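Just so we're clear, the structure is a prediction, and the values are computed from it rather than from any experiment.
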Amino acid sequence: MDAQTNSDAAAEPELTGERGVQREPHATGPTAAARETGTRPAATARAAAGARPDFSLGGTLAVGRLGFGTGGLVGPGYWGPRHADPSRSLALLRRAVDRGATLIDTADNYGPDVAEELVARALHPYPEGLVIATKGGVVRTGPDVWHIAGRPEQLRAMCDASLRRLRTDTIDLYQLHRLDPDVPMAEQLGTLIELQRVGKIRHIGLDSIGVAELSRARELAPIASVQNRYNVLDRASEDVLELCERTGMAFLPWFPLGNGTLTGGPGARTAASDALTTIAAAHGATTGQIALAWLLHHSPALLPTPGTGSPDHLDENLAAERIALTEAELAQLDGLGTPAG
């Protein structure tokens, strides 16, 4: 299962079905002061290699524009480990950091527990400037099945469990995986604010949220990031992205490679595939690299975290940061997307 079609496996499919049980399609240490200021010696090296300037997450943590998502390290349906030999996943995480990734995006339900434990085994004690993001708010009970769980006592227990698995006292970015429709937003965000106040989380993020909900959430809590589905073909969250740009929030797009449709996988659209292939050939790149490069050009708020189980695809994804698209190419790619609404 090392196909590049799984290279954005850290992304989360939209949830459908009845409240409670949700089903989704298969997708195949620094000091506190150093982390708070975002000090990162690797930034100079990345800049010299042609990487884009860092993004200031929550105004305090400097992160590179391309991170690494850990959904590709777990099995189909986000259940169990992807590799029978964990050393393969540990090596991949270390390779990502060695090659300049400074944002690791994971979740407590990847496995469940598996991805967070791999992150700690591979990277703890965490190198200076590495930012760890995780998610809570859902409970997975089997492959492709999860339950939204946003009651305050559930969120507190989930956060504490993530802290233990990640072997840290503070989670840099704690993202609410889904808002629980049966729990008032103020209670859910209020719990995260309490966890922030006692130092268990540094910044708060939200996953799969509309612009109206996000606006209300910002009145209740300091929101540092959003994680919605978004890629060169799917712009349904363009209004959310625009709000992020105006307010300094990060936007971590899931399915940045369209769950494989942008890398030549099943379901690729002919017009988009032809355009991506032509532009990729001009740059000696892959279509997936062009799709990632478009995200980096399209908005300074976009921080893709594609995941993969393959070292070669990891290197390919991270190299996309150095691709400079022309204005004509950007205009052509801009015309491929489905606008919001």
Side-chain angles (χ1 to χ4, degrees), residues 4-15 24-25 27 52 54-55 57 63-72 96 101-107 110 131 133-135 173 175-178 203 205-211 213-214 223-263 265 272 276 287-308 313-314 316-318 320-321 323 325 330 333-334 336-340:
Q4 181 68 344
T5 55
N6 196 38
S7 62
D8 60 349
E12 285 297 336
E14 282 192 293
L15 301 182
E24 60 194 3
R52 287 170 172 77
D54 289 347
F55 183 93
L57 181 63
V63 293
R65 293 285 308 285
L66 265 176
F68 179 70
T70 62
T102 58
L103 174 61
I104 304 296
D105 182 39
T106 190
Y110 291 173
V131 172
T134 194
K135 308 178 196 70
L173 176 63
Q175 303 165 98
L176 187 58
H177 216 152
R178 293 295 189 273
H203 294 297
L206 298 173
D207 191 307
S208 298
I209 189 167
V211 70
E213 282 185 317
L214 179 57
I223 307 299
S225 70
V226 169
Q227 196 157 20
N228 279 15
R229 188 182 65 197
Y230 191 88
N231 57 59
V232 67
L233 299 184
D234 186 346
R235 322 276 179 80
S237 287
E238 193 74 36
D239 53 353
V240 174
L241 175 59
E242 291 172 356
L243 179 57
C244 288
E245 291 173 342
R246 293 196 302 270
T247 58
M249 291 183 291
F251 187 120
L252 283 64
W254 54 258
F255 279 0
L257 296 175
N259 199 26
T261 62
L262 302 175
T263 61
L276 287 166
T287 57
Q289 286 178 312
I290 297 303
L292 291 173
W294 177 84
L295 288 169
L296 299 176
H297 282 75
H298 185 64
S299 171
L302 285 167
L303 276 65
T305 57
T308 181
H313 293 151
L314 169 67
E316 177 184 306
N317 290 340
L318 293 177
E321 192 172 12
I323 295 175
L325 299 173
L330 287 171
L333 293 171
D334 287 345
L336 298 177
T338 301

Does Asn231 form a side-chain contact (heavy atoms from CB on, under 4.5 Å) with Thr261? I'd like the steps, not just the answer. CA-CA 10 Å; Asn231 57 59; Thr261 62; 6.0 Å; no

Which of these passes side chain to side chain donor-acceptor pair (under 3.5 Å) with Thr106: Thr70, Thr134, Thr305? Thr70

Distance col, row Leu206:CG vs Ile223:CD1, nearest 0.5 angstrom, shows 4.0 Å

Within-4.5 Å side-chain heavy-atom neighbours: Met249 and Leu214: yes

Output all residues satisfying side-chain hydrogen bond (donor to acceptor under 3.5 Å, both in side chains) with Glu213, sequence neighbours left out; order by chain, then residue number. none

Do you know the tightest heavy-atom contact between Leu57 and Ala250? CD1-CB, 3.8 Å

For Thr247, all residues meeting side-chain hydrogen bond (donor to acceptor under 3.5 Å, both in side chains), sequence neighbours excluded: none

To the closest 0.5 Å, what do you measure between CD1 (Ile104) and CG (Leu173)? 13.0 Å

Using side-chain hydrogen bond (donor to acceptor under 3.5 Å, both in side chains) as the criterion, list what pairs up with His298, not counting sequence neighbours. Tyr230, Glu238

Tell me, do Leu243 and Val226 make a side-chain contact under 4.5 Å, heavy atoms counted? no

Identify the heavy atoms of Gly210 and Val240 that sit nearest to each other, and give their distance. C-CG2, 4.0 Å

Does Ser208 offer a backbone N or O that forms a donor-acceptor pair with the side chain of Arg229 under 3.5 Å? no

Less than 4.5 Å apart, any side-chain heavy atom of Leu292 and any of Pro256? yes

Any non-hydrogen side-chain atom of Gln175 less than 4.5 Å from a side-chain atom of Asp105? yes

Taking the side chain as every heavy atom from C-beta outward, state whether Asp207 and Trp254 have any atom pair closer than 4.5 Å. yes

With sequence neighbours left out, the residues meeting side chain to side chain contact (heavy atoms under 4.5 Å, CB included) with Thr287 are Leu276, Thr277, Ala280

Donor-acceptor pair, distance only, cut-off 3.5 Å: does the side chain of Gln289 make one with the backbone of Glu316? yes

Sub-4.5 Å side-chain heavy-atom contact between Thr102 and Asp54: no

Measure across Leu262 and Ala291 and return the closest heavy-atom pair with its distance rounded to 0.1 Å. CD1-CB, 3.9 Å

To the nearest 0.5 Å, atom CG of Leu302 lies from atom CZ of Arg65 at 6.5 Å

Using only heavy-atom distances, determine whether the side chains of Asp334 and Trp294 contain a donor-acceptor pair under 3.5 Å. yes

Atom CD1 in Ile209, atom CZ in Arg178: separation rounded to 0.5 Å? 11.0 Å

side-chain contact (heavy atoms from CB on, under 4.5 Å) assessment of Asn317 paired with Leu257: CA-CA 10 Å; Asn317 290 340; Leu257 296 175; 4.1 Å; yes

What's the separation between atom CG in Leu295 and atom CG in Leu241, rounded to the nearest 0.5 Å? 9.5 Å

Mark yes or no for whether His297, through its side chain, and Leu330, through its backbone, hold a donor-acceptor pair below 3.5 Å. no

Please list, chain by chain and in numerical order, all residues satisfying side chain to side chain contact (heavy atoms under 4.5 Å, CB included) with Ala96, sequence neighbours excluded. Phe68, Ala101, Leu314

